[in-house]
Amino acid sequence: MLEELKKEVYEANMLLPEYGLVTFTWGNVSGVDREKGLFAIKPSGVDYDKLTPDDIVLVDFDGNKVEGKMNPSSDTATHAYLYKMFPTLGGIVHTHSPYATSWAQAGRSIPCYGTTHADYYYGEVPCVRCLTAEEIEEAYEFNTGKLIVDEFIAQGKDPDAVSAVLCTNHGPFTWGKNPVAAVHSAVVLEEVAKMAYRTELINPKVQPAPQCLQDKHYFRKHGANAYYGQGN
């Protein structure tokens with residue numbers, strides 16, 4: 001069932017080691033079929049050099065395994081809640097990529113210091129708080145997804161305009177219109193995190209880029225009046 005989706009998700013997962021975003025098994029990609037209400041996700045703890053398309057697991061939006069011989073990713077409940085609450089998402093990525101995870105472990109959002117960031121994310125990439133002991137004990141992965149959604153709603157952030165988030169003491173999640181787009185966001189996030197870190201080393205007093213510059217770069221690539229590239 002959903003063999004094309006499983007193949008797509010497998011291929012997206014294989015991009016993570018290709019782009020240097022994962023060490024060992026520290027990451028996963030999923031992709032969704034909205035009509036069937038199912039998503040495909042990497043199995044838990046399987047080495048990338050041993051992963052095959054047949055290993056990809058199908059899961060419903062409540063996190064129940066529908067098809068697959070292995071257990072789905074331990075982050076499945078997070079993916080499920082994000083798909084349920086953010087209906088435009090077509091793919092989700094979780095990694096422990098070094099620079100983005102360093103910002104997450106520091107409990108800091110990534111400010112928009114320049115146009116590279118502004119081209120992809122409208123404003124800072126938020127870092128949500130650490131879960132409480134009760135939230136961790138009760139339903140860790142589900143509550144991770146709930147915290148992300150709650151924070152985006154509270155801050156008035158559009159998940160289509162900010163396709164990334166950091167979880168304090170944990171790491172990044174990214175998403176997109178499909179699994180490959182979600183990986184693209186994960187690659188960009190790691191580069192943006194690296195640039196922001198180096199920027200603060202060079203100038204500890206640096207301030208975010210002017211809002212007019214952020215607006216110019218974001219909206220020339222996104223929205224009704226976008227003119228970047230050949231498709232507009």
Side-chain angles (χ1 to χ4, degrees), residues 9-31 39-51 55-57 59 63 70-83 89 91-111 117 120-121 124-131 135-136 139-149 151-152 159 162-176 179-198 200:
V9 168
Y10 163 77
E11 291 173 349
N13 269 283
M14 297 308 292
L15 291 174
L16 297 186
E18 181 177 329
Y19 284 113
L21 295 178
V22 297
T23 303
F24 301 126
T25 63
W26 306 351
N28 48 73
V29 183
S30 69
F39 64 95
I41 193 166
K42 180 183 180 290
S44 180
V46 175
D47 290 335
Y48 284 91
D49 58 0
K50 297 178 181 177
L51 188 67
D55 295 329
I56 302 299
V57 185
V59 185
M70 298 186 183
N71 294 326
S73 167
S74 56
D75 296 302
T76 292
T78 305
H79 289 242
Y81 194 78
L82 292 175
Y83 282 130
L89 272 56
I92 297 172
V93 172
H94 173 54
T95 75
H96 291 256
S97 58
Y99 282 90
T101 300
S102 296
W103 284 85
Q105 290 182 167
R108 285 193 59 192
S109 302
I110 303 176
H117 182 132
Y120 287 91
Y121 306 120
E124 69 177 16
V125 174
C127 185
V128 301
R129 65 171 173 81
C130 187
L131 294 171
E135 288 169 330
I136 293 169
Y140 173 56
E141 293 83 7
F142 171 83
N143 282 328
T144 297
K146 186 174 186 303
L147 176 60
I148 293 168
V149 171
E151 285 295 311
F152 266 65
V162 184
S163 60
V165 69
L166 306 176
C167 296
T168 295
N169 304 128
H170 187 182
F173 285 84
T174 62
W175 47 79
V180 171
V183 173
H184 187 97
S185 184
V187 174
V188 171
L189 177 65
E190 182 66 2
E191 291 301 312
V192 164
K194 187 189 304 182
M195 291 177 187
Y197 164 72
R198 290 171 173 169
E200 292 193 357

Nearest-0.5 Å distance, [atom1] of residue [X] to [atom2] of residue [Y]:
{"X": "K42", "Y": "T76", "atom1": "NZ", "atom2": "OG1", "result": "10.5 Å"}
{"X": "T78", "Y": "I148", "atom1": "OG1", "atom2": "CD1", "result": "6.5 Å"}
{"X": "R108", "Y": "C127", "atom1": "CZ", "atom2": "SG", "result": "10.0 Å"}
{"X": "F142", "Y": "L131", "atom1": "CZ", "atom2": "CG", "result": "11.5 Å"}
{"X": "L189", "Y": "H117", "atom1": "CG", "atom2": "NE2", "result": "8.5 Å"}
{"X": "T168", "Y": "Q105", "atom1": "OG1", "atom2": "CD", "result": "10.5 Å"}

Whether H96 and W26 hold their rings parallel, tilted or perpendicular, with breakpoints at 30° and 60°:
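H96 vs W26 ring planes: perpendicular.
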What is the ring orientation for H94 with F173, classed by angle as parallel under 30°, tilted 30 to 60°, or perpendicular over 60°?
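Because their plane-to-plane angle is under 30°, the rings of H94 and F173 count as parallel.
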Decide yes or no for [X] and [Y]: does some side-chain heavy atom of the first lie under 4.5 Å from some side-chain heavy atom of the second?
{"X": "T144", "Y": "D75", "result": "no"}
{"X": "F152", "Y": "P126", "result": "yes"}
{"X": "T25", "Y": "S44", "result": "no"}
{"X": "F39", "Y": "V9", "result": "no"}
{"X": "L166", "Y": "S109", "result": "no"}
{"X": "K50", "Y": "D55", "result": "no"}
{"X": "V57", "Y": "N71", "result": "no"}
{"X": "L82", "Y": "V149", "result": "yes"}

Please report the closest heavy-atom contact between [X] and [Y], naming both atoms and the distance.
{"X": "N169", "Y": "C130", "answer": "OD1-SG, 3.4 Å"}
{"X": "V93", "Y": "L16", "answer": "CG1-CD2, 4.0 Å"}
{"X": "G63", "Y": "V59", "answer": "C-CG1, 3.3 Å"}
{"X": "C167", "Y": "A104", "answer": "O-CB, 3.4 Å"}
{"X": "S30", "Y": "P179", "answer": "O-CG, 3.8 Å"}
{"X": "Y121", "Y": "V162", "answer": "CD2-CA, 4.3 Å"}

Is it true that, when you exclude Y19 itself, more than 12 heavy atoms of the residues, nucleotides or ligands shown sit nearer than 6.0 Å to its OH?
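Not buried by this count: 12 neighbours or fewer within 6.0 Å.
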Can you tell me if OH on Y197 sees more than 12 non-hydrogen neighbours from other groups inside 6.0 Å?
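It does not: Y197 OH has 12 such atoms or fewer within range.
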Set out, in order, the CA-CA distance, both residues' side-chain angles and the distance that settles side chain to side chain contact (heavy atoms under 4.5 Å, CB included) for W175 and V165, then state yes or no.
CA-CA 9 Å; W175 47 79; V165 69; 3.8 Å; yes
Distance-only side-chain donor-acceptor flag, Y120 / S163, under 3.5 Å
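On atom types as modelled, these side chains do not qualify, holding no pair under 3.5 Å.
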Under the criterion side chain to side chain contact (heavy atoms under 4.5 Å, CB included), I'd like the reasoning laid out for N143 against I136: C-alpha separation, chi angles, the key distance, then a yes or no.
CA-CA 7 Å; N143 282 328; I136 293 169; over 6 Å; no
In a check of side-chain contact (heavy atoms from CB on, under 4.5 Å) between Y99 and each of E191, M195, E190, which one passes?
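Output: one option passes, namely E190.
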